[in-house]
Amino acid sequence: MTEYRMRYAERELSVKDAWSIFEAAEYCVASTVDADGMPYGVPISFVVMDGKLYFHTTNIAGHKLDNFAHDARICVTAAVDVEACFENDFMTSRYGSAMAFGRIRRVEDSVEVRHALVALCMKYLPDYQHEIGNAIAKDLAETAVWAVEADLVTGKAAHRLSK
């Protein structure tokens with residue numbers, strides 16, 4: 001993978017801060033390439049756990065699963081605090097963004113699967129924590145869990161100017 005230098009170096013975040021963007025983001029876009037070389041980016045719900053990004057899918061074949069089988073390389077992107085602004089006669093935007101480049105793998109270990117599913121449920125529906133066990137049991141046979149093992153994590157941010 002070719003690494004490119006960031007155009008505005010002052011906006012570059014540390015790896016730790018880039019991970020904090022992922023932890024704060026509600027959703028991300030997972031980008032893969034299909035067998036014909038066509039890029040495919042899909043928004044997904046996800047959770048950060050143990051230095052990896054986790055998400056779930058169905059077991060039924062489709063574009064995402066076909067791409068994962070074709071090529072395990074993946075790029076996951078997230079953005080937070082996006083705001084258009086006009087400052088000092090300049091139109092711009094403020095944001096925090098992160099990208100993780102790596103490989104995706106299907107999680108086979110049943111403990112890791114359940115841990116990831118509980119973490120996903122707690123991120124998105126914490127008020128229903130008492131229902132998580134039953135919900136997982138009901139749909140577990142039709143559910144696949146995936147982990148993104150990142151080789152490179154980058155981030156950048158442009159913050160609002162103080163008034």
Side-chain angles (χ1 to χ4, degrees), residues 1-4 6 11-82 95-157:
M1 181 176 122
T2 302
E3 289 186 41
Y4 292 89
M6 198 163 294
R11 293 183 181 177
E12 188 169 3
L13 298 176
S14 68
V15 171
K16 179 182 175 185
D17 288 341
W19 275 110
S20 72
I21 299 286
F22 279 118
E23 289 169 358
E26 191 170 353
Y27 297 95
C28 66
V29 174
S31 298
T32 57
V33 176
D34 68 19
D36 293 330
M38 178 61 73
Y40 178 70
V42 62
I44 56 172
S45 54
F46 76 106
V47 67
V48 175
M49 189 175 72
D50 301 326
K52 299 175 198 72
L53 302 169
Y54 285 86
F55 59 93
H56 76 287
T57 66
T58 179
N59 283 325
I60 300 169
H63 202 162
K64 259 191 322 252
L65 299 187
D66 288 351
N67 286 8
F68 296 167
H70 165 70
D71 189 334
R73 291 177 297 170
I74 190 167
C75 175
V76 180
T77 306
V80 297
D81 304 325
V82 179
Y95 58 88
S97 65
M99 299 176 77
F101 301 88
R103 300 196 178 274
I104 190 159
R105 69 169 170 85
R106 183 169 179 164
V107 178
E108 300 292 346
D109 177 73
S110 63
V111 172
E112 187 179 6
V113 165
R114 288 178 189 276
H115 192 184
L117 291 172
V118 167
L120 281 160
C121 291
M122 288 301 295
K123 177 178 178 177
Y124 293 99
L125 293 167
D127 292 343
Y128 295 90
Q129 65 183 352
H130 59 282
E131 299 292 335
I132 292 173
N134 289 336
I136 290 173
K138 179 181 173 216
D139 293 325
L140 188 59
E142 292 84 33
T143 303
V145 172
W146 301 86
V148 175
E149 312 264 353
D151 298 321
L152 174 66
V153 176
T154 65
K156 68 179 182 175

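Atom set for the values below is all heavy atoms of this structure, side chains included, hydrogens, waters and symmetry mates excluded.
Residue D36 holds its CG atom at 8.5 Å from NE2 of H70, rounded to the nearest 0.5 Å. With rounding to the nearest 0.5 Å, the separation of CD in E23 from CG in D17 is 10.5 Å. Considering CG of L53 and CH2 of W19, their distance stands at 4.5 Å, rounded to 0.5 Å. The CG atom of L140 sits 6.5 Å away from atom CG of L117, with the distance rounded to the nearest 0.5 Å. The NZ atom of K138 sits 11.0 Å away from atom CD of E131, with the distance rounded to the nearest 0.5 Å. With rounding to the nearest 0.5 Å, the separation of CD1 in I21 from OG1 in T77 is 12.5 Å.
The cationic atom of K123 (NZ for Lys, CZ for Arg) lies less than 6.0 Å from the six-membered ring centre of F46 and within 45° of the ring axis.
In terms of the side chain to side chain contact (heavy atoms under 4.5 Å, CB included) criterion, residue partners of T57 (sequence neighbours excluded) are, by chain and number, F55, K64, L65, A144, W146.
Side chain of D109 to backbone of V111: a donor-acceptor contact under 3.5 angstrom is found. A donor-acceptor distance shorter than 3.5 angstrom exists from the side chain of N59 to the backbone of A141, with no hydrogens or angles considered. Panel note: side chain Y124, backbone E26; a donor-acceptor pair is recorded below 3.5 Å.
Here the rule is salt bridge (Lys or Arg N to Asp or Glu O under 4.0 Å) with E149, and of R103, R73, R105 only R105 fits it. In summary, of the residues considered (T143, D139, V107), a side chain to side chain contact (heavy atoms under 4.5 Å, CB included) with H56 occurs for T143 alone.
Around OH of Y128, the count of heavy atoms belonging to other residues, nucleotides or ligands within 6.0 Å does not exceed 12.
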